[in-house]
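Worksheet: the structure to be examined is printed underneath.
Note that ligands are numbered from 1 as they come in the structure, with each ligand's atoms numbered from 1 the same way. The shown structure was predicted, so the numbers you read here are calculated from the model rather than taken from an experiment.
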Amino acid sequence: MRPQGRDPYESLYFEYPHYPFVRPPEMDGAARRHRVAIVGAGPVGVTTALELARHGIPSAILDDKNTVNDGSRAICISRHSLEILQQLGVAERFTAKALGWQYGRTYYRDRQIFRLAMRHSEQERFMPMYNLQQQYIELFLIEQAMTTGLVELRWQSAVQGISADDTGVAVDVQTPEGKYTLAADYLLAADGARSAVRRSLGLQLHGEAYEGRYVIADVQMRSDFPTERRAFFNPPALPDSTLLIHKQPDNIWRIDYQLMPDEDPEDAIREDRIRARVGAIIAMLGETDDWELEWWSLYKAYTLALDHYRHGRVLFIGDAAHLVPIFGVRGLNNGFADAVDAGWKLAWVLNGWADDPLLDSVTPERRGATMDVFANAGKSTRFMTPPSRGYRLMRDAALSLSLACDWAGGFANPRQVTPYTYSDSPLTSHPQRDHAFTAGPGAGAPLCNRRLGEDDYLLDHLGRGFNGLYFSATGEIPAEHAGVLDELENGDMPFRCLVITRNPDPRSRGHANTLVDTDGGVFEAYGAGSGTLYLVRPDRHVAARWTQLVPDQIRAALDTATGRTSP
Ligand SMILES: Cc1cc2nc3c(=O)[nH]c(=O)nc-3n(C[C@H](O)[C@H](O)[C@H](O)COP(=O)(O)OP(=O)(O)OC[C@H]3O[C@@H](n4cnc5c(N)ncnc54)[C@H](O)[C@@H]3O)c2cc1C
């Protein structure tokens with residue numbers, strides 16, 4: 001909602017683009033079959049189109065709107081998401097505008113009880129978290145998609161229903177100039193919480209709704225307070241409530257506060273009520289500058305998911321597949337991971353580098369990630385909005401204890417999002433052998449970054465397909481190892497071998513993609529010695545790793561990672 005007197009898209013800081021309707025060839029009788037149709041040009045749909053384009057696959061995106069998301073939704077994007085965006089060539093646009101952060105503070109009444117410090121070091125290219133309004137997120141992704149020449153964006157095109165069989169999908173589309181049917185080999189449903197595709201297939205989300213409602217309000221205000229997450233339990237301005245504060249670009253502040261159980265939500269979101277409560281909060285924060293209301297809405301937390309994310313030729317991603325609570329900032333961050341997971345797998349199938357059963361792994365991997373989110377976000381949500389009187393008593397007891405004992409402040413840790421490890425995935429080989437390593441990302445985990453030099457990091461060097469990180473102290477590669485790596489690099493699918501060396505032998509010609517690990521930091525972080533190999537998927541997750549490369553096993557692991565055989 002916007003303040004009275006302002007139009008729905010009249011923002012204090014963001015100029016909404018207008019995307020026109022362009023009459024598609026299908027409406028003039030041209031028979032055209034698309035390889036991939038994506039329903040929803042939200043952040044997840046467009047990210048998937050970018051991942052498909054990265055692997056040369058064109059797609060058509062249908063969206064019922066003529067602009068980006070209005071109001072304000074996701075603001076916190078994790079380092080892991082930035083690493084995804086880096087691979088899509090759009091991360092710089094994000095870091096130039098977003099506010100990076102590492103720290104947070106939690107208060108009980110008027111005392112600080114917990115200092116959040118997310119893991120960060122000079123080894124990382126990106127900060128642990130960035131704040132950026134979802135409007136910018138969508139705009140940057142859409143503008144990037146338009147540069148690829150492989151993404152067709154069809155605005156003002158509402159999907160009304162779909163029918164699918166073993167050969168493809170037919171999509172019924174309503175436009176300002178009438179209806180048409182779009183045909184595609186595969187369909188990605190990225191049409192959000194009220195997915196028309198889900199409805200059309202008669203599918204339902206299952207899970208829980210949480211007690212408690214939040215007002216989410218954005219205000220514009222100048223303040224020197226650093227970019228940190230601030231959480232308040234029973235603060236002086238709202239003695240029985242919970243409050244969250246985040247700084248965003250353009251002097252916008254996100255204020256989330258919990259409504260009391262006996263409050264009428266309709267009444268609580270009246271503009272005069274919002275102004276009174278936000279004013280009291282801002283005064284409590286000690287801010288004295290003028291402020292202006294940008295936008296507000298009402299929020300309720302859910303943990304809901306589909307039972308299966310794959311239905312024949314239809315894959316569900318993002319909010320169309322799952323709804324997760326905002327506490328811990330997992331919705332869009334998980335959506336980005338869904339996007340690359342579905343994107344690379346579909347590209348592999350459509351490029352003929354894998355068979356259709358590879359797509360079956362979307363459910364165990366991404367629904368597995370959703371269940372993990374439910375476990376963590378459920379804890380955070382119950383702490384933020386206790387579901388019962390008993391729960392509230394326990395929560396308040398923990399908070400009271402934290403006034404006297406530092407360790408008890410840990411109960412208020414917000415458990416921010418972390419990437420999911422696919423150790424149980426049918427695509428992951430040898431997770432049981434992880435104990436042979438002293439360090440490094442385990443089988444199924446995403447790669448960790450390492451600084452190699454000035455503005456130069458390990459992950460910058462990954463190729464667009466599978467990667468092999470091969471470790472060799474001198475850069476020399478024994479013949480039997482060189483043979484299999486060469487075979488994979490010249491195989492039918494994109495594979496890049498990166499040779500990581502500590503002291504390259506100046507007399508040796510070395511491998512074309514040799515990275516010098518001058519201080520030994522990469523060897524150490526990966527628990528590697530000469531001959532160690534990490535086999536890495538296009539989404540940077542480890543498919544398998546060996547302390548000593550075993551040629552036959554790497555061929556088998558690659559087959560497993562592309563769904564051709566079970567581990
Ligand atoms: C208040 C709030 C705060 C949040 N904060 C965070 C955060 O800090 N971090 C985080 O990770 N997540 C956060 N989230 C969650 C995040 O906003 C969502 O997870 C994210 O928007 C999901 O993206 P999506 O592309 O899957 O769906 P959506 O963003 O909902 O996009 C769906 C798209 O599909 C289109 N569409 C819908 N129906 C049709 C149809 N029939 N035909 C054609 N097009 C259609 C819509 O117009 C829209 O463009 C927050 C959410 C809320 C509500």
Is the closest N or O pair between Asp64 and ligand 1 shorter than 3.5 Å? yes

Where the side chain of Asp250 meets the backbone of Ile252, is there a donor-acceptor pair that is under 3.5 Å apart? no

Compute whether any side-chain donor of one residue and acceptor of the other, for Tyr309 and Thr370, lie under 3.5 angstrom apart. yes

Do Arg73 and Glu138 meet the salt-bridge criterion of a basic N to acidic O distance under 4.0 Å? no

Hey, looking at atom 40 (C) of ligand 1, which of Ile216, Val159, Ile77, Ile75 has the closest heavy atom? Val159

Sub-4.0 Å atoms of ligand 1 with respect to non-hydrogen atoms of Ala190: 32 (C), 33 (C), 34 (O)

Asn376 side-chain N/O to Asp372 backbone N/O, donor-acceptor pair under 3.5 Å: yes

Stepwise, does the ring-ring contact (aromatic ring centres under 6.0 Å, His included) test hold for Phe232 with Tyr107? CA-CA 5 Å; Phe232 299 81; Tyr107 303 84; 4.6 Å; yes

Counting heavy atoms only, which part of Gln160 comes closer than 4.0 Å to ligand 1: side chain, backbone, both or neither? neither

Any N or O of Ile317 closer than 3.5 Å to N or O of ligand 1: no

Between Ser297 and ligand 1, which part of the residue brings a heavy atom under 4.0 Å of the ligand: side chain, backbone, both or neither? neither

Ignoring hydrogens and angles, state whether a donor on the side chain of Glu294 or Ser11 is under 3.5 Å from an acceptor on the partner side chain. yes

With heavy atoms of Val44 as the reference, note each atom of ligand 1 found under 4.0 Å away. 23 (O), 24 (P), 25 (O), 26 (O)

Polar-atom distance check: Tyr299 versus ligand 1, any N or O pair below 3.5 Å? no

Taking only non-hydrogen atoms of Gly318 and a 4.0 Å limit, the atoms of ligand 1 in range are 26 (O)

Salt bridge (Lys or Arg N to Asp or Glu O under 4.0 Å) with Glu292: of Arg275, Arg2, Arg222, only one passes, and it is Arg275

Geometric class of the Trp101/His246 ring pair [parallel <30°, tilted 30-60°, perpendicular >60°]: tilted

Using modelled atom types and a 3.5 Å cut-off, is there a donor and acceptor pairing between side-chain atoms of Asp218 and backbone atoms of Trp295? no

Is Ser157 near ligand 1, meaning one of its heavy atoms is under 4.0 Å from it? yes

Contacting atoms of ligand 1, where contact means under 4.0 angstrom from a heavy atom of Lys65: 47 (O), 49 (O)

Any N/O of Leu332 closer than 3.5 Å to an N/O of ligand 1? yes

Going by the order shown, which atoms of ligand 1 are within less than 4.0 Å of some heavy atom of Ala196? 41 (N)

Is the shortest N/O to N/O distance between Gln134 and ligand 1 below 3.5 Å? yes

For ligand 1, does Pro43 get within less than 4.0 Å through its side chain, its backbone, both, or neither, judged by non-hydrogen atoms? both

List every atom of ligand 1 that sits less than 4.0 Å from any heavy atom of Gly40, numbering the atoms from 1 in the order shown and giving each element. 33 (C), 34 (O), 35 (C)

So, Asp341 and Arg537, do they make that salt bridge, N to O below 4.0 Å? yes

Could you tell me whether Leu62 approaches ligand 1 through its side chain, its backbone, both or neither, with non-hydrogen atoms closer than 4.0 Å? backbone

Please work out whether the ring planes of Tyr130 and Phe126 are parallel, tilted or perpendicular, with thresholds of 30° and 60°. perpendicular

Tell me, please: is Ala158 in heavy-atom contact with ligand 1, that is, under 4.0 Å? yes

Report the part of Ser195 in contact with ligand 1, treating N, CA, C, O as backbone and CB onward as side chain, heavy atoms under 4.0 Å; options are side chain, backbone, both, neither. neither

Strictly under 6.0 Å, is that where the ring centroids of Trp155 and His18 end up? no

